[in-house]
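The chains referred to below are lettered A, B, ... by the order of the sequence lines, with proteins before strands, and numbering in each begins at 1.
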Amino acid sequence: MSDIQQYLLDYDKNKRGAAATAQQTATRLEKRELKLLDLVQELGEYFNSEDGAVRSKTMAYLAEVLALVPQKVLSLQQRNLLCDFTLSRLEDSEGLGSCAKALTALEERGKWDHERVQKIVETLLHNSHPLRQYKQQSERYPVLRFIDTLMAKYRDALRAMHDDKPDFLSYFIAYFDGEKDPRNLMVVFSILRVPMIEWNIGANAQELFDAVFNYFPITFRPPPDDPYGITAQDLKDRLRDCISSTSDFAPYAFPALLDKLDSTSMNTKRDVLQAITASVAEYGPRTIALYSITLWDALKFEILNVQEEDLAKDALKGLAAIAKTLSKGTTGPLNSYLRPITKECNEHFEDAPTKQSQASARILNTISSISAEVTNIILAGVLPTIFTLFQTAETMAKRRGLLEVVVPLIHADIEVFGDWKSVGTAGPHPAANALVQFKDQALEIMSNGLTNAPPKEVSFRLACLGGLLQLSKARELLSDKEIGNIIQQFHAIVIHEESHGKDEVKDAAINALVEIAHQKPQVVIEKAFPAFMAQLPDTDTDGQTGYLPVLEAFAKLGGEEKVFSTVILRLKNKFSSAVQQNASSAYVVALLSALLYALNQGSEQLEQNPESSSYYQDIVLPIIKRTSSSDDSRPKAFDEESTLDLVGRICNIIIRPLSVEQQNQISVELYTLFSGTPQNELSPIKTDAIEKSKTMVVSTHLLASLRKDAILPCEVNLLISSVVAFSQQPALSLPVRSASLRQISLLLNKFVPASSLKTIMDPLLNSPIDLFNLDKLDPFRIRIIFACLKALLLRNSPSLSTLYPKLLAFLSHPKYGKTVAHGFTTLLQPDDLLTKANHCLINGLHKQKSFALLVPNITTSFREATPETKPNYLIALSGVLKWMPFDIVVEEVGLLVPLLLQSLDLQGEEAVKEAAITTLMSILGERPDAVKEHAGSLISRLLNTSTVDIKKAGEVGKSAEGSGGVAAPPRVRGLALKCLALVPEKLKQEVVLPYRRQVVKRLTGALDDRKREVRFCAVRCRARWLEVDEVGDED
Amino acid sequence: MEIDKDNANPTILNPSDLPSRRREPLAKQRDDGGSGLFDHLVPAYNYLNDPFDGPASSGDSDDGSVEDIDEQEIYDLISSISDPEHPLSLGSLAVVNLPDIFIQPPTSPRSAISTVLVEITPTITHCSLATVIGLGVRVRLEQALPPRFRVDVRIKKGTHSTDDAVNKQLGDKERVAAALENGTLMGVIRKMLSTCE
């Protein structure tokens, strides 16, 4: 059987076989086993068949073979012959698609000259015009692809056809008429865009425009299985590119688009607005000048009467695009565009504050950031009116409304002209800023407003304050003296004003000072700092207490890097004089807090250039010496561990970026703290030196700040055993014990290299200390175990796989099982000492590892545990899960849900309940299916946790605990309600619907909760549940 | 716009000027006058906390004090309802105002029923949607208040051309119930309430 016979046989039922046959023919052609002439001759019989289907398949065969023949097998002459032959086949109405494929294949095998291209196009159009007569998409698609290829590769040839024959374009456009398939349309849009952009379309403009605009708006919705991979957005984008392609379309495009803007469909309006914006950007200033006012009249409506927020935004973009395009042209059209806008906006301002005055402000604000010219025109157009309206306004609300227009305009002005620190969009040498003419008036109005308006006019004063801030930032607008006056007003508010309401004005004033400090640090230091300092007493022995708000504000200023060092310096001096003059502990603590706050904010700066500052000499050394001294230089406040903690933190933040050499100066004094007392007379080396042990708190922070290779004051193993012994003394205060335990963690984590870890751990795990010995177990040793494990788990030590099981075995301990269980929460809890910044070893995968070693073990042991010890496992589990990122937990969700639900039944373990609910909420959010089968039990447990039986609680009063119904604390009640509110949101309606009635009814109890916060959650939760049966009928 | 709004350009209040509860925890009037800026310098879960000494949650002991439902709370419940005409809240349009909310305690010591009276102020006197707004407020309060409250929503005297008629409608239980059976109307109300937090 010949190849063609085989192909025809396979064509309908065995596509792959047919393709193989074609490949075989192509190979034979390549190997010269088959002559092209013979092939064509062989086909002749089938091309002359009576049956159209046979003719069409034969053409398909030829096209397929040609596409498979390698390059250069066919000579130019052969290709030309084949081309002519294929063109002759076009007269046959069968096999058009295959002809196009054959031509495409031929074109790929050798470039054509102009004449040939023109002949092909002419013949193709002549024989198949209009394309819509071919009903099969698969017939039309290859033709369109072919024409698209020609458009891309032979632009000049096609363009010459248009230039030579006046009626060609019209004929060409009509060829694509009536195309409906989205795949084909994508190609049609791409073909037509070429003449739109490159050809001189003159008389055909409308025809060409209509050819594409007929498809507007695109309402195509891909079928569910989407065989095309084309979205409505793809079509919309291409269509929009066509519409905006040439300014010749303007006379047709704008009226047509504006007409469609009246549509009731939001999608259509959205498309219209985007098409307008795109067209405005492309058509150029001369064309847009003709339509700018028409467009304004239409677009403004979408903003002044907002229907949908995103439509308003698109309309604003359109208006801005017009201004931008016109800015590229001459001044005249820009002026005539902006004039009606400023006029109309001014009219709306007359009855500010209204919806439309706010909208007008939005319009002006959006447009004016376009260019220096536009900003200037708008400022000159509206500010005089606004100032006049302001003077004659009768209400504060109106004045506020007017200011809310001005402030964003100044902001836009800054965007264009820049602030003191950076140039604006108009570049380093912009035109004169029109704001200069209005600055005095603006300053006066806002300054008066801020100072004279009564404190209850919060929003008005906020507007004034915001305006003054913007004015002070505007590049080269105000003099330093004027800015100084503004600063003075702001700090007067911070320092002297009585607290009012939410103190929004005070907060805004502080933040504004920080912002100005960034722009004009020197002015702030000169003007505001003395005022702040004057308010901070050297001592408060006279009972003065008003200093704290001032101190807070001052510490906040430290957040601005330009004034950071000055803030630190002043605070440090204040601290010294306060101690000297015997100020109260409260004041000393407040000053230390402020210092720490400011240092925290500037910590990045300290990290970057640790050597440049003298804080070590100026702050760390003196304060440490005060800590360890026994004379007057040690303030009374230093008797409190919490104060020492502040001191430690201040030192830590300064020391940790220092070099090892510098750190070594302090590491040898880790426990002696420059006191001159020998180390072995002090804790922890001398284990029973309890009376002077409080400084251990400071030592812990110092130890935390040291680099790994800093030299410790004694051998690390000796140090560890001393601290272990020290921390077990019953007489220690809680903070000192905790601090010592942290030292164990720090030492094991940082100062023991992996190679010697085993040796160092040995005395702890075996004799003499023997931590995991069941008989020696007591609360102090449990603490040490967890301190050690914390250090090890962060560095992902291999020893964990043996230590964790030992620890888990303790959960069944009859006496201390519960204590151990509570310890689990410490393992993964974020820690402020064991951090990367403190040079600790933190393995990125430590949470995964601990999860894998702990959680499966806990869930299995739980099943086998006795009823008395079961709660211990739940407590331990919640402690682990509490800090576990959910993407780790997610692996075991199925196993965990039942345990979490049982945790909700535990009595008196509120922290456990809280953690369980939090995890359940994450599961609901990410893996709702895992909860589905437990829905009933989850819902009833959450209801039990969240609702207090008011009557019972009220009658029995405090003895309610005796009746067994102890209410969860408000926070847990609220959380349970939040979780319950998630249930209908995340689970399918058919799952939750059966519970709706019960939940809605029982929640009325929570609506009457004693705590407002809980009631708030209950209201939200109940609203969610009330919606349950209504979800269905929303569409 | 195809929808003819009764009042296309209403006056808007700024959120800062709306009545609000002073942030409660801070309102406990710190003796030192500070804002609590330094309270978070030391993280809550720092090493000074010891988790081993039993559950520490007993610190939550202020559960004892009862916070009663007051006018501000009612205001917070209804001020976030959206206006059916504008994407703005009833609070910022001054349709509901704190001074126009009254909680009347039970009339006799034996009764537990309190009454909440809310008087709403339409943005203009011929507002055709006043009934819908009233209904929305009513539905919201009935959903959000415990059953011991009776809800009474009225149009403030003199702020609407037909306030008596509207009040009659809002006060008539059967008419309210019938209105809530109406799907379209419930749709509008659901949309109004969707902005409530």
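Only the side chain of A:Ala555 comes within less than 4.5 Å of a heavy atom of chain B; its backbone N, CA, C and O stay farther away. Contacts between A:Ile875 and chain B at a heavy-atom distance below 4.5 Å are absent for every atom of the residue. When heavy atoms are compared at a cutoff of 4.5 Å, B:Leu93 does not approach chain A at all. If you measure heavy-atom distances from A:Glu404 to chain B, the contacts under 4.5 Å come from the side chain alone. Looking at B:Leu88, the atoms closer than 4.5 Å to chain A (heavy atoms on both sides) all sit in the side chain, from C-beta outward. Neither the backbone nor the side chain of A:Glu309 comes within less than 4.5 Å of any heavy atom in chain B. Only the backbone of B:Leu145 comes within contact range of chain A, with at least one heavy atom under 4.5 Å from a heavy atom of that chain.
Using a 4.5 Å cut-off on side-chain heavy atoms (C-beta onward), B:Pro84 and B:Val188 make contact. At a threshold of 4.5 Å between non-hydrogen side-chain atoms, the residues B:Leu170 and B:Arg154 do not count as touching.
For the set A:Arg1020, A:Glu1013, A:His348, the count of heavy-atom pairs under 4.5 angstrom toward chain B peaks at A:Arg1020. Of the listed residues (A:Arg1015, A:Glu504, A:Arg1022, A:Gln358), the greatest number of heavy-atom pairs within a distance under 4.5 Å of chain B belongs to A:Arg1015. When each of A:Ala821, A:Ala1018, A:Ser459, A:Ala590 is checked for heavy-atom pairs under 4.5 Å with chain B, A:Ser459 comes out on top.
Checked by atom type, the side-chain pair B:Ser114/B:Gln104 shows no donor-acceptor distance below 3.5 Å. For the 3.5 Å distance criterion, the side chains of B:Thr195 and B:Ser80 fail to qualify, holding no donor opposite an acceptor.
By the 4.0 Å N-to-carboxylate-O rule, A:Lys556 lies too far from A:Glu552 to be salt-bridged with it. Using a 4.0 Å cut-off between charged side-chain N and carboxylate O, A:Asp645 and A:Arg649 make a salt bridge. A salt bridge does not link B:Glu67 to A:Arg1010: none of the charged side-chain nitrogens sits closer than 4.0 Å to a carboxylate oxygen.
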